[in-house]
Amino acid sequence: MKITLIAGARPNFMKIAPIIRAIENAQQSGKVIDYRLVHTGQHYDDKLSKIFFEQLQIPQPHVNLGAGSGTQAEQTARIMVEFERDLIANPTDLVVVVGDVTSTMACTIVAKKLNTKVAHVEGGIRSFDMSMPEEINRIVTDSLADYFFTTSTVANQNLRKSGVGEEQIFFVGNTMIDTLLTQLPKTKKPEKWSEWAVKSKEYVVLTLHRPSNVDDADKFANWMKVIDAVGLPVIFPVHPRTQKNFSKLVNKPRNIIACDPLSYLEFIYLIKESKAVITDSGGVQEETTVLGIPCLTLRNNTERPETVTTGTNEMIGDNFVALSEALKNLHAGKWKQGAIPELWDGRTAERIVSALLQLF
Ligand code: UDP
């Protein structure tokens, strides 16, 4: 069988790496399965793309569609035009999309209009928050896809409720955690570790990039003020989207140490050694749960509820007071222990590939 695998933005790369490895393992054991890797070019910055290919040993994409930056519509349109051309020239049995970025949705629409089957890895998760661009991407993708590889029983329920048939749902676990568990022994101190002069378990990590937290300059400045008072140094790898409002801050934070986005192996080292993580990232909620690190999520909802019900995650919402309260609990050593969600065991990609081989 022939698969076209789509990746476009940073959180996609951790999800495709183990799938490619599982395909290569299947090939070596004599299975007839081949893939074409399409990079849409949605993220093109070396720090958000190239470094992940190197560290996660992802082969060079067969094509880069060069979508580049732009508004939601501009990116969607460019990806669709270029992917349509590519898919017509390179027909396939199945397009596999991962996650919830613009590329996920755009390539799904193109594939279905060319009568090509689509599998969605991480299908069925929902925040039920239509102000998130990712929620729209999830709903459109899942309303068109044929097969769903899911990370949780909640995702399975969401799909059933929207009319997806049982035979289309494959509860396999989490490919992002496959990558985490594979790469854990290789993590390394960030280059700036000694310059930051931080000690293991005596600092906090911060990542923020959701429009609802970083696009409004006043709200962002308020978060910075509260987080600056955490009482520990805060390492903040600043996402390109966040940079504009960070550099415009009138009151420069004193305890927040900003840096460029980190490579995967450095970032995982940083969170593994931290006392806690404050974030609005989807993937980071999952990684902290598996690493057993307290996670304070600055959002009102999560499409990954198992990180709260099973893991170490707590939703802080938009509430500056709630953040201070949660930090007090953290300092008092009162954080929940957490456990690892079902099937987040490092073997998800293997399960995906064996399901695909049975389907086709
Ligand atoms: N990440 C990274 N370097 C950083 C920040 C995050 O390698 O400086 C990784 C993180 O470990 C996770 C992924 O990027 O695997 C999450 O991506 P992001 O937060 O951009 O997207 P989301 O998960 O919110 O869609």
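Each ligand, and each atom within it, is numbered from 1 in the order the structure gives.
Heavy-atom contacts of R210 reach the following atoms of ligand 1: 24 (O), 25 (O) (cutoff under 4.0 Å). Residue M14 has at least one heavy-atom neighbour below 4.0 Å for each of these atoms of ligand 1: 9 (C), 13 (C), 14 (O), 15 (O). The ligand atoms of ligand 1 that sit less than 4.0 angstrom from a heavy atom of I268 are 11 (O). Residue-ligand proximity, P261 to ligand 1, at heavy-atom distances under 4.0 Å covers atoms 8 (O). Ligand 1 places these atoms under 4.0 Å from at least one heavy atom of P237: 8 (O).
The option from L262, D280, L56 that lies nearest to atom 2 (C) of ligand 1, judged by heavy atoms, is L262. Nearest residue to atom 7 (O) of ligand 1 from F13, F52, F236 is F52 (criterion: closest heavy atom).
The CZ atom of R10 sits 11.5 Å away from atom CG of N12, with the distance rounded to the nearest 0.5 Å. Note: R78 CZ to L65 CG = 12.0 Å, rounded to the nearest 0.5 Å. Here the straight-line distance linking atom CD1 of I293 with atom CD of E287 works out to 11.5 Å at 0.5 Å rounding.
Looking at ligand 1, you won't find any N or O of H239 less than 3.5 Å from one of its N or O atoms. In terms of N/O distances under 3.5 Å, ligand 1 is not approached by T207. Looking at ligand 1, you'll find an N or O of E287 within less than 3.5 Å of one of its N or O atoms. Remark: ligand 1 and G282 share an N or O pair separated by less than 3.5 Å (distance only, no angle test).
Just one of I3, L5, D86 meets the side chain to side chain contact (heavy atoms under 4.5 Å, CB included) condition when paired with R36; it is D86.
Relative ring orientation between F13 and H39 is described as tilted, the plane-to-plane angle lying within the 30° to 60° band. Below 30°, between 30° and 60°, or above 60°: for F236 and F220 the angle between ring planes is between 30° and 60°, a tilted geometry.
Contacts of M176 with ligand 1, taken as heavy-atom pairs under 4.0 Å, involve the side chain alone. Under 4.0 Å from ligand 1, heavy atoms of S281 appear from its side chain as well as its backbone. The backbone and the side chain of Y264 each have at least one atom closer than 4.0 Å to an atom of ligand 1 (non-hydrogen atoms only). Within the 4.0 Å heavy-atom criterion, neither part of T279 lies near ligand 1.
Of the protein's heavy atoms, F267 CD2, 3.6 Å lies nearest to atom 1 (N) of ligand 1. The closest protein non-hydrogen atom to atom 4 (C) of ligand 1 is R10 NH1, 3.3 Å. Summary of contacts: the protein heavy atom closest to atom 21 (O) of ligand 1 is P11 CG, 3.4 Å. Looking only at heavy atoms of the protein, atom 23 (O) of ligand 1 is closest to G283 N, 2.7 Å.
Using a distance-only test at 3.5 Å, with no hydrogens or angles considered, a donor-acceptor pair links the side chain of D178 to the main chain of A349. Checking side-chain atoms of T116 against main-chain N and O of L94 turns up no donor-acceptor pair under 3.5 Å.
Defined by atom type and a distance below 3.5 Å, a donor-acceptor pair is present between the side-chain atoms of Q157 and R160.
I19 and L343 end up in different hydrophobic clusters when Ile, Leu, Val, Met, Phe, Trp and Tyr side chains are linked at under 4.5 Å. Hydrophobic cluster membership differs between F148 and V118, with clusters built from Ile, Leu, Val, Met, Phe, Trp and Tyr side chains linked at under 4.5 angstrom.
Here Y203 and W196 keep their ring centres 6.0 angstrom or further from each other.
Using a 4.0 Å heavy-atom cutoff, E266 is absent from the residues neighbouring ligand 1.
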